[in-house]
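What follows is one structure encoded as structure tokens, with my remarks underneath.
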Amino acid sequence: MFVVLTVALVMLGGLAFDGAQILNARRKASTLALETARAGAQAISIESLYPKPATVLVDSSKAQIAASDYLGQHDDWSISVRSDTVSATVWLTQPLQILSFLGMDSRRVAGTATARAVQGIRTGDDL
């Protein structure tokens with residue numbers, strides 16, 4: 001009875017501890033994705049600003065470079081650009097410490113975010 005209860009308590013503790021680690025990794029992946037999308041959305045196409053009326057378009061090659069520069073050594077990500085919108089997804093692998101004794105070594109989590117490039121500051125009646 002003692003052995004069964006001990007194993008059950010270790011599993012419950014592992015679920016709580018490793019579960020919190022997974023939630024932290026998911027939050028980190030979401031934050032990285034949001035900042036990556038923001039960095040990509042700042043890579044606007046200069047040519048799109050000059051015609052009248054001016055429209056803001058994101059240069060997809062510059063956005064890829066900006067995202068790569070922001071993420072540095074992290075290589076498990078993707079980015080997509082559609083006119084003025086940049087969507088980014090970042091994947092992280094969280095190793096499990098306690099549940100690894102039960103055969104679960106790691107958990108892969110993802111974070112996704114979208115950012116939009118806008119032109120100027122609107123005030124007054126434009127809001």
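Note that the coordinates shown come from a computational prediction; the quantities given were computed from them, not determined experimentally. Residue numbers start at 1 and run along the sequence shown.
Nearest heavy atoms, Ala110 versus Ala29: C-CB, 4.0 Å. Shortest non-hydrogen contact noted between Asp84 and Arg116 is OD2-NE, 3.0 Å. When all heavy atoms of Ala41 and Ala117 are compared, the pair lying nearest together is O-CB, 3.4 Å. For the pair Ala113 and Ala37, the tightest heavy-atom approach, listed with the atom from each and the gap, is O-CB, 4.0 Å.
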Problem set entry | Steps toward side chain to side chain contact (heavy atoms under 4.5 Å, CB included) verdict (His74, Val90) | CA-CA 9 Å; His74 188 74; Val90 176; 3.4 Å; yes
Exercise. Go through the steps for Thr114 and Thr85 under the test side chain to side chain contact (heavy atoms under 4.5 Å, CB included), then give the verdict.
Key: CA-CA 7 Å; Thr114 302; Thr85 305; 3.2 Å; yes
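A distance of 6.0 Å separates CH2 of Trp91 from CZ of Arg108, quoted to the nearest 0.5 Å. Taken to the nearest 0.5 Å, the CD1 atom of Ile22 stands 12.0 Å off from the CG atom of Leu92. Atom OG1 of Thr112 and atom CG of Leu32 lie 12.0 Å apart (nearest 0.5 Å). The CD atom of Gln21 sits 5.5 Å away from the CD atom of Gln94 when rounded to the nearest 0.5 Å.
In this structure, Val86 and Ile79 have side chains that are in contact, with non-hydrogen atoms separated by less than 4.5 Å. Counting heavy atoms from C-beta on, the side chains of Thr31 and Lys28 never come closer than 4.5 Å.
Without hydrogens or angle criteria, Asp18 side chain to Ile98 main chain gives a donor-acceptor distance under 3.5 Å.
When hydrophobic clusters are built by joining Ile, Leu, Val, Met, Phe, Trp and Tyr residues whose side-chain heavy atoms come closer than 4.5 Å, directly or via intermediates, Met104 is grouped together with Val7.
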Expected list for residues 57-72: side-chain donor-acceptor pairs under 3.5 angstrom, two or more places apart:
residue: Asp59; atom: OD1; partner: Ser61; partner atom: N; Å: 3.1
residue: Asp59; atom: OD1; partner: Ser61; partner atom: OG; Å: 2.9

